> 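Take a look at the following structure, please.
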Amino acid sequence: MSGIILYKSKYGATKKYAEWIAERTGFECIKTDDADIRKVQKYDVIILGGGIYASGIAGISFLKKNISKLKDKKIIVFFSCASPYEKEGYDTVVNYNLKGELKGIPCFYTRGTFDMKEMTFKDRTLCKMLRKMVAKKNPEDYAVWEKGLMEVGEDERGDWVDKSYIEPIIEAVQ
């Protein structure tokens with residue numbers, strides 16, 4: 001069985017997961033932006049991983065654009081985010097990203113990182129504004145993404161990347 005892992009990683013968590021999956025499977029691992037559909041079509045298994053940005057899985061557009069050429073392939077998706085796992089949040093991401101021809105593709109959660117110092121100016125500014133708004137709420141009323149946003153202080157780093165998150169993905173490949 002041959003396979004390829006495509007990933008889009010802004011701050012490194014998704015890349016790390018993709019590399020760990022590549023180590024375990026022997027699959028090639030490349031950035032989604034560098035993927036050529038003619039090459040990807042040659043593989044039996046396509047794994048796509050991306051970070052979550054405004055509920056969208058980074059890189060999912062590659063699958064949306066090319067799904068008709070990959071119908072006979074085993075496709076697996078995973079996403080990384082700073083928020084802790086909650087079924088409601090997971091379902092929201094899956095339903096938002098894997099609809100239409102992508103519906104039913106197995107999708108897996110991996111927890112990522114959060115570091116304001118490493119963010120782009122735009123992301124840092126947005127997070128600071130969001131944190132101010134969320135801080136006014138009762139923590140018991142936080143949505144899952146708000147919990148992740150507020151879990152780490154503004155000058156702290158949260159790193160929840162853990163190799164155990166790839167186990168269900170590895171099982172899905174087999």
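Small disclaimer: the values here were computed from a predicted structure and weren't measured.
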> Between L102 and I60, is a side-chain contact (heavy atoms from CB on, under 4.5 Å) present by the stated rule, with each step listed?
CA-CA 10 Å; L102 303 184; I60 199 76; 4.1 Å; yes
> Take Y11 and D115, measure what side-chain contact (heavy atoms from CB on, under 4.5 Å) needs, and give me the verdict at the end.
CA-CA 9 Å; Y11 297 107; D115 188 347; over 6 Å; no
> Do you reckon M119 sits in the same ILVMFWY cluster as V134, going by side-chain contacts under 4.5 Å, direct or chained?
yes
> Between D44 and S2, do the side chains contain an N or O donor and an N or O acceptor separated by less than 3.5 Å?
yes
> Is there side-chain contact between Y109 and F79, with heavy atoms separated by less than 4.5 Å?
yes
> Below 4.5 Å, heavy atoms only, C-beta onward: do I169 and Y17 meet side chain to side chain?
no
> I'd like to know whether I57 forms a side-chain contact (heavy atoms from CB on, under 4.5 Å) with Y96, so could you lay out the CA-CA distance, the side-chain angles of the two residues, the decisive distance to 0.1 Å, and finally the verdict.
CA-CA 9 Å; I57 299 173; Y96 181 79; over 6 Å; no
> Mind checking the CD1-OH spacing from I4 to Y43? Nearest 0.5 Å is all I need.
4.5 Å
> Enter the distance from E28:CD to K42:NZ here, rounded to the nearest 0.5 Å.
11.0 Å
> Could you see if Y7 belongs to whatever hydrophobic cluster contains Y165? Use Ile, Leu, Val, Met, Phe, Trp, Tyr and a side-chain cutoff under 4.5 Å.
no
> Can K31 and D33 be said to form a salt bridge (charged side-chain N to carboxylate O under 4.0 Å, His left out), step by step?
CA-CA 5 Å; K31 293 179 184 176; D33 292 343; over 6 Å; no
> Which atom pair, heavy atoms only, marks the closest approach of K10 to Y53?
CB-OH, 2.8 Å
> Is the number of heavy atoms from other residues, nucleotides or ligands within 6.0 Å of NZ (K117) greater than 12?
no
> Would you compute the distance between atom OG1 of T113 and atom CG of D159 and round it to the nearest 0.5 angstrom?
6.0 Å
> Test Q41 against L70 for side-chain contact (heavy atoms from CB on, under 4.5 Å), laying out the working first.
CA-CA 6 Å; Q41 282 179 285; L70 302 172; 4.1 Å; yes
> Taking K8 for its side chain and T14 for its backbone only, find out whether a donor-acceptor pair lies under 3.5 Å.
no
> Indicate the atoms forming the closest heavy-atom contact of T110 with S80, along with that distance.
OG1-OG, 2.7 Å
> Any sub-3.5 Å donor-acceptor pair from R111's side-chain atoms to V161's backbone N or O?
no
> So if you build clusters from Ile, Leu, Val, Met, Phe, Trp, Tyr with side-chain heavy-atom gaps below 4.5 Å, do L6 and I170 land together?
yes
> Please name the pair of heavy atoms, one in E101 and one in K71, separated by the smallest distance, quoted to 0.1 Å.
OE2-NZ, 3.0 Å
> Using side-chain heavy atoms (C-beta onward) and a distance below 4.5 Å, is T25 in contact with I5?
yes
> Using the six-membered ring wherever Trp is involved, compare the ring planes of Y90 and Y85 and label them parallel, tilted or perpendicular (cut-offs 30° and 60°).
tilted
> Over all heavy atoms of both residues, which pair between K74 and A172 is shortest? Give the atoms and the distance, please.
NZ-O, 2.8 Å
> If you count the non-hydrogen atoms of other residues, nucleotides and ligands that lie under 6.0 Å from NZ in K64, is the total more than 12?
yes
> In the single-linkage hydrophobic clustering (I, L, V, M, F, W, Y; side-chain heavy atoms under 4.5 Å), do I37 and F27 co-cluster?
yes
> From K69 NZ over to R38 CZ, what is the distance, rounded to the nearest 0.5 angstrom?
9.0 Å
> Nearest 0.5 Å, what's the CG-CD distance between D91 and E86?
11.0 Å
> May I ask you to decide whether R24 forms a salt bridge with E167, counting only side-chain N to carboxylate O separations under 4.0 Å?
yes
> Decide whether L126 and I52 are clustered together by the hydrophobic rule: side chain heavy atoms of Ile, Leu, Val, Met, Phe, Trp, Tyr closer than 4.5 Å, transitively.
no
> Looking only at atom types and distance, does a side-chain atom of S55 sit under 3.5 Å from a main-chain N or O of V93, one as donor and one as acceptor?
no
> For the CE atom of M150 and the CG atom of L130, what is their distance to the nearest 0.5 Å?
10.0 Å
> Taking K137 for the side chain and Y142 for the main chain, is one N or O donor matched with an acceptor at less than 3.5 Å?
no
> What's the shortest heavy-atom distance between A35 and I30, and which atoms?
CA-CD1, 3.8 Å
